[in-house]
Each structure stands twice: as C-alpha cells, then as structure tokens.
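Here is the structure we will look at.
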Amino acid sequence: MRFTHALIPTLKEAPQDATSASHALLLRGGYIRRLGAGIYDFLPLGLRVLRKVERIVRAEMDRAGALEILMPVLLPGEYYKETGRWDLYGDVLFRLKDRKGGDYNLAPTHEEIVTDIARREIKSWRDMPKNLYQIQTKFRDEPRPRAGLLRCREFLMKDAYSFDTSEEKALASYEKMRVAYNNIFTRMGLKYRMVAADSGAMGGNTSAEFQVLVDSGEDAIVACDKCDYAANVEVAEVKVVDPGRRAMATTIRMMKVHTPGQKTIEEVSTFLNVKPSDTFKSLLYVGEGSKEVVMALMRGDHALNEVKLARVLGVSSVHLASEADVKAATGAELGFAGPIGFKGKIYIDRAAALVRNGVSGANETDYHLANVNHGRDFDAEVVDVRQAQDGDLCPRCEGGRLHAYKGIEAGHIFVLGTHYSAKMGATFLDEQQQQKPVVMGCYGIGVSRLVATAIEQHHDDNGIAWPMRVAPYHVHICTLANDGAVVEAAQKLVDGLEAEGVEVLWDDRDERPGVKFKDADLLGVPLRVTIGAKGLAQGAVELKPRTEKDPKKAELVPLDVAAKTIADRVKSALG
RNA sequence: CGGGGCGUAGCGCAGUCUGGUAGCGCACUCGGUUCGGGACCGAGGAGUCGGAGGUUCAAAUCCUCUCGCCCCGACCA
C-alpha cells in the first residue's frame with residue numbers, strides 16, 4: 001500500500017482529552033477517531049489491526065472446536081426480561097422501542113440469546129458438548145467510558161458459550177478454553193497472567209481472568225514468584241505470618257497517650273516511635289443496605305480487602321462509614337477510632353489478632369492507647385479480611401513471595417453452571433431419560449480492548465511498536481527521494497515482498513526524511529526499510545526494527561537479496 | 001450519581017477577569033528555496049466562539065437555562 005493512496009491522518013499533537021498511551025497513539029497514528037463518549041471510528045489502519053486480533057482469536061477458537069455463529073445486536077426485550085436482567089442490568093442496558101412501542105435492548109452480552117438457541121436446538125445428551133462463539137459488537141452504557149478503546153460503550157467482543165451434560169464435563173470445556181486463551185495471548189505477543197478472579201454478578205463459581213500486565217492497568221493482581229499462583233487482589237488469599245511475638249508479655253499495663261493531631265498510622269507510629277506493624281488500624285464500615293457501623297481492625301501496615309469484608313458480613317458490598325457516622329460511633333474526630341469502648345460489632349483480621357502491646361485509637365480526640373492486646377483488652381471476631389500486597393508470602397507454596405502487578409483485564413472465563421439454562425428451560429434428556437438443565441460456561445475476550453492493550457504494553461516515547469502478528473503492516477518502506485533509482489528499487493522490493501505474502505506500507509509521500517521517520521515510529525510497523533541515495537550507493541537498503549532505539553543501527557541489506565531476507569525476517573516473526 | 005475541569009479553524013492554544021466587530025502555532029492550498037530524524041520564505045483558504053434565551057448602542061467576553069466532552073471517585077459480564 002502506497003502511503004499516498006492510503007488514509008493515514010497522523011497528528012503531531014495528541015488531542016488533549018487522550019490521557020492513556022494507547023488512546024493518544026491510536027489518535028495520533030490515524031488509527032481511530034472519536035465519534036462520541038466511548039464510541040469510535042476505526043480508520044483503515046485501525047481496522048487492519050482489529051481484524052488481525054480477530055483472526056488470531058478465531059483461529060484458536062476454531063482449533064479448540066468452538067463453532068462460530070452470529071447473534072443479533074438488536075434484541076427483543078423479552079429475553080432479558082425472562083432472566084430478570086432487563087431490570088438487574090440497570091442503566092448499563094441500552095433500551096429502545098420499536099414503532100409499535102415494543103421493548104428492545106442492544107446486547108451487552110449474549111447469554112440469554114445463546115441459551116435460547118440451546119433450548120431449541122440442544123435436546124439430547126448426544127448433542128453435547130457444544131461450544132458456540134461469535135465475534136460481535138456489544139453495547140453497554142458504561143457509567144464512565146474512558147481511555148479510548150480500553151472502556152467503550154460500543155466495542156467488539158469475542159464471546160463463547162459451552163454446553164455440557166454435567167459439571168465435570170463443563171470443567172473439561174472450560175479447560176479447553178483456558179488452553180485456547182493462553183494460545184491467543186501468547187500468539188499476540190503479550191505478557192499476561194491468568195489469575196483467580198471474583199465471579200461477580202455472572203453467577204457460577206469457577207472463573208479466571210486473563211490480565212495483560214501493564215503499569216497503567218486498573219486491576220491490581222498478585223502473582224507468586226515461585227509457583228503459578230496468581231490472583232486479582234480482590235480474591236487473593238493471604239498467609240498469616242506469626243510475627244513471633246506471641247510469647248511477649250501481655251502484662252504491660254494499657255495506657256492512654258496524648259497524640260495531638262496524629263491521625264494516620266504513619267503519623268502515629270512516627271510520633272510514638274513504634275513500627276506500623278505494632279499498631280491497630282481501626283476502620284469503620286457500613287454494609288450495603290445496613291445502617292449498622294462495624295469496626296474492622298487491621299494491623300497498621302495492612303490493607304483491608306472490601307470484597308472479603310463484604311463476604312464476612314454477608315452483604316453484596318461495603319463502604320467506609322461517613323465522617324458523621326464515625327464521630328457518632330466513636331465520639332471522637334476521624335483518626336482516633338479504636339476497639340476499646342467501641343459499642344458496635346468488631347472484626348479483627350487474623351494478622352492484627354497477633355499484634356502484642358499495640359497502639360490503637362482511644363475513641364477520644366487527640367488520644368491513643370498503648371499496650372493494647374486482643375483478648376485481654378477487647379473482644380473481636382477473628383476473620384480474614386486482609387488484602388494481599390507485594391512481598392507477602394505465597395499462600396499456596398513454601399517460600400514463594402507474591403509480587404504486585406497492574407493489569408488490564410482482556411479475557412475472562414467462567415463456569416456458569418445452570419444459572420441461565422435453569423431459568424430459561426434449556427434442558428436435555430440424559431441416558432437415563434432424565435430431563436436436566438444443560439451446564440454452561442462462558443468465555444469472553446475484549447477484541448477491541450486488546451488492540452489498545454497491545455499498545456499499552458508495546459510503545460515508547462516515539463510511538464507504537466506492534467508485535468508482528470497484530471501490526472497493520474509487516475514492513476514500512478521509507479523512500480527518501482523521488483528520483484528514478486530510489487523509486488525503482490522501492491517498487492522492486494514492494495513487488496518482491498508482496499509476492500512472498502508480506503504486507504507492505506510504502507511511504508511514497510513527497511516529504512522530508514525526518515517527517516517519514518517520525519511517522520514510521522508513530523505508526524509502529526515492526527520493520528522499517530529505508531531506501532535512499534546513501535544505501536543505494538552501496539547497492540543496499542537499510543533495515544531497522546521498530547524496537548531498535550539507535551537510529552544509526554540500521555542493517556544494510558544488499559538489493560538483490562533484500563526481498564528474500566526481509567520476507568524471511570517477517571515469516572520468522574510470524575512463526 | 002458525587003467532585004473537578006474544559007467547549008474559540010482539522011489539532012494544540014491565547015483572547016473571557018476589565019464588553020468595542022476573532023488571533024497565534026501546527027496542519028491545509030499556491031509559488032519558490034530546501035531535502036538522512038517533524039525545514040524555510042512569501043501569498044492564501046478555512047471559525048454558527050457548543051446551543052438557546054436575556055442584558056446592552058455593542059456579547060467569545062456579563063446573566064439564565066441547556067447540550068457535549070475529559071479527569072478523579074462510585075460502578076464495571
């Protein structure tokens with residue numbers, strides 16, 4: 001493709017509202033344009049990348065035995081009403097009416113629709129296992145679309161659904177998808193971890209997320225450096241470590257200390273010259289739908305995991321008590337809450353329960369208590385509500401340590417069980433002629449999100465650096481002059497490469513070299529070939545991988561073998 | 001939904017406080033000189049100042065309403 005025939009509107013400056021790297025580079029490189037909040041046009045280059053991601057996903061799904069279908073985006077409202085998600089989904093669901101006033105919604109996901117297919121077409125145990133998938137647009141009226149393609153209101157997703165006769169068989173289908181997903185992320189050239197995840201509102205039990213590791217990621221995950229344990233911090237297990245101070249005398253008298261204005265753990269521990277791990281952090285929480293303020297006591301240097309606390313309380317979610325509630329519950333300003341004298345229910349984290357002679361708030365403004373001991377000075381229910389953090393011992397192996405990573409969720413696989421099939425009457429007859437609900441699994445990959453994710457992981461100050469398999473073109477040729485020899489050499493190389501199946505972008509614009517190099521770096525095609533008088537004088541073209549930072553490090557490739565050499569380089573990168 | 005910010009040419013911005021007939025850089029068009037990491041000179045084209053209403057002799061600027069967008073939080077199969 002000649003640059004002058006293409007539509008690649010690059011920008012020197014990123015639009016001001018693009019804050020993430022992928023968003024800014026996709027806009028600057030002329031890959032996408034914004035049409036509205038969370039709604040984007042894919043320009044030719046962007047579509048090429050999207051199609052490449054799709055191709056990889058499709059190939060692995062097909063290889064895993066899944067069958068591609070296409071379900072509509074415009075859905076009669078009855079299906080979501082049938083499972084209750086018409087209401088459950090709330091404002092995230094795009095709803096509309098047809099001319100007769102009938103309810104419709106745009107598909108945010110397709111469990112209902114695929115389950116409808118199953119209940120009509122899958123009748124016998126002989127019909128399973130089956131796995132149906134599609135690559136289709138999804139619509140979600142997100143509370144807050146952001147970061148370009150990372151969180152859109154309209155986006156492209158691959159969603160697959162497995163149907164089995166039993167929980168065990170469903171696990172086998174799930175396992176197949178796990179393998180396929182690993183293949184997909186590996187083929188895309190991404191660094192990722194499969195992590196244990198919260199199943200959330202999907203229902204079901206077994207689930208794992210595929211997190212692409214990038215510093216700008218929104219999800220916090222921990223992974224062991226020794227074994228394969230990895231989890232979203234929302235669900236990460238923690239190992240209780242006995243600080244070895246249990247034997248320490250607990251006979252030291254508790255005493256009140258004046259700590260004017262010292263509110264945070266850091267301030268208090270510095271002020272009293274004690275380690276944060278020898279203090280208690282008293283957090284006041286309110287469960288969803290409750291008015292009761294409860295106290296969660298953490299070791300000073302530990303963080304609380306709200307998902308775990310919600311589970312302990314048996315509620316869907318928890319939130320920190322308001323400042324007014326804290327004052328009412330403790331009779332003190334924020335920062336001086338403590339277990340002693342607290343009227344409400346107290347939960348203490350397992351690690352905090354081991355603290356000896358610790359410091360806690362006194363429930364009195366400007367005062368703390370020293371030499372506080374659980375069991376001696378106050379009672380509390382011992383629970384696990386701690387959030388895993390970097391450096392923790394691995395809960396699964398001996399000696400491994402957890403490291404914290406930031407990730408972007410690019411895929412999620414679930415065993416759904418019979419949640420939808422039971423509700424919608426998707427049943428089959430088993431060998432004993434028993435009518436049973438099919439056991440389902442669902443497996444999603446954010447295809448358009450993956451485009452952005454790949455950039456988040458593969459870019460530098462100058463632009464994108466695509467992995468070969470998802471790059472819009474394999475080779476970017478920059479001709480530095482419009483004279484006969486250069487153009488002739490370029491045309492020959494383009495022909496030679498294309499004959500080998502290599503995708504070539506030829507910057508034939510009448511621009512200065514600097515402009516072409518800057519744009520080449522911005523677009524991020526993996527291999528750049530420079531053809532100019534300098535190289536041609538030596539009978540060669542210059543080859544430079546996008547990832548090579550030093551502009552002088554180009555490799556001279558003799559003209560007569562250039563097509564073959566470069567094509568081989570591309571093929572080896574494509575595997 | 002709570003908090004903050006922004007809407008002026010395709011992009012980045014100034015002008016708004018203190019009302020006086022819209023400007024800069026890049027991009028674009030034409031002419032010329034250049035040509036190995038975002039060249040230079042000259043001449044141009046391009047704007048309902050987000051929208052509606054109001055105040056005023058006069059509104060990008062002041063007032064009211066409204067729409068949109070971004071960020072933080074809440075939320076996120």
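In the text below, chain A, chain B and the rest are named by the order of the sequence lines, each starting its count at 1. Keep in mind it's a predicted model, so treat the numbers as computed, not measured.
- Across the P atoms, B:U18 and B:A22 are found 22 Å apart, a figure rounded to whole Å.
- Counting only distance, with no hydrogens or angles, the side chain of A:H458 and the backbone of A:A454 share no donor-acceptor pair below 3.5 Å.
- A side chain to side chain contact (heavy atoms under 4.5 Å, CB included) with A:L523 is found for exactly one of A:D507, A:L25, A:L45, namely A:L45.
- For A:R151 and B:C71, the CZ to P distance is 11 Å, given to the nearest whole Å.
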* Which letter, B, S or -, goes with each nucleotide of nucleotides 33-40 of chain B from 5' to 3', with contact meaning a protein heavy atom under 4.0 Å? -> -BSBBBB-
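- Look at CD on A:E13: it is 14 Å from P on B:A9, rounded to the nearest Å.
- Separating the P atom of B:C71 from that of B:G12 is a span of 14 Å, rounded to the nearest Å.
- Taking 4.0 Å as the cut-off between side-chain N and carboxylate O, A:K406 and A:E456 do not count as a salt-bridged pair.
- Remark: the separation of the P atoms in B:G51 and B:C69 is 16 Å, to the nearest Å.
- Salt bridge status for A:R146 with A:E218: present, with a side-chain N to carboxylate O gap under 4.0 Å.
- In summary, the side chains of A:Q134 and A:H110 do present a donor paired with an acceptor at a separation below 3.5 Å, with no hydrogens or angles considered.
- For A:R178 and A:E175, the salt-bridge test passes: some basic side-chain N is under 4.0 Å from an acidic carboxylate O.
- Nearer the 5' end of RNA chain B, as judged by each residue's closest nucleotide, is the contact made by A:A37, out of A:A37 and A:G446.
- As rounded to the nearest Å, B:C76 and B:A60 have P atoms that lie 46 Å from one another.
- A:F155 and A:S448 get closest at one heavy-atom pair: CB-OG, 3.4 Å.
- Residue-level contact check: A:R34 touches the backbone only, with heavy atoms under 4.0 Å from sugar-phosphate atoms and none from bases.
- Comparing B:G2 with B:U8, their C1' atoms are spaced 30 Å from each other, to the whole Å.
- Pairing for B:G19 is absent, with no Watson-Crick or G-U wobble pair whose two atom distances lie under 3.5 Å.
- Base pairing annotation: B:G12 forms a Watson-Crick or G-U wobble pair with B:C24, both donor-acceptor distances under 3.5 Å.
- Here B:G73 sits opposite B:C1 as a Watson-Crick or G-U wobble pair (both hydrogen-bonding atom distances under 3.5 Å).
- Between A:L7 atom CG and B:A27 atom P there is a gap of 18 Å when expressed in whole angstrom units.
- In this entry B:G37 has no Watson-Crick or G-U wobble partner, no candidate having both defining distances under 3.5 Å.
- The partner of B:A52 is B:U64, judged by Watson-Crick or G-U wobble contacts that both fall below 3.5 Å.
- Using a 4.0 Å heavy-atom distance criterion, A:A520 is classed as making no nucleic acid contact.
- Results of the salt bridge (charged side-chain N to carboxylate O under 4.0 Å, His left out) test with A:E555 over A:R569, A:R528, A:K544 single out A:R569 as the only residue that passes.
- A 3.5 Å limit on both hydrogen-bonding distances identifies B:U29 as the Watson-Crick or G-U partner of B:A43.
- Atom P of nucleotide B:C75 and atom OH of A:Y89 are separated by 16 Å, given to the nearest angstrom.
- B:G42 and B:G47: their C1' atoms are spaced 24 Å apart (whole Å).
- The side chain of A:R146 has B:C75 as its nearest neighbour among B:C11, B:C75, B:C76.
- Put simply, the side chain of A:F139 does not reach to within 4.5 Å of the side chain of A:N105, judged on heavy atoms.
- Here B:C69 presents its P atom at 14 Å from CD of A:E142, a figure rounded to the nearest Å.
- Taking atom C1' in both B:A58 and B:U21, one finds a spacing of 9 Å when rounded to whole Å.
- Residue A:P145 is the one, among A:E218 and A:P145, whose nearest nucleotide of RNA chain B lies closer to the 5' end (criterion: closest heavy atom).
- Look at the P atom in both B:U56 and B:G19: the space between them is 16 Å, to the nearest Å.
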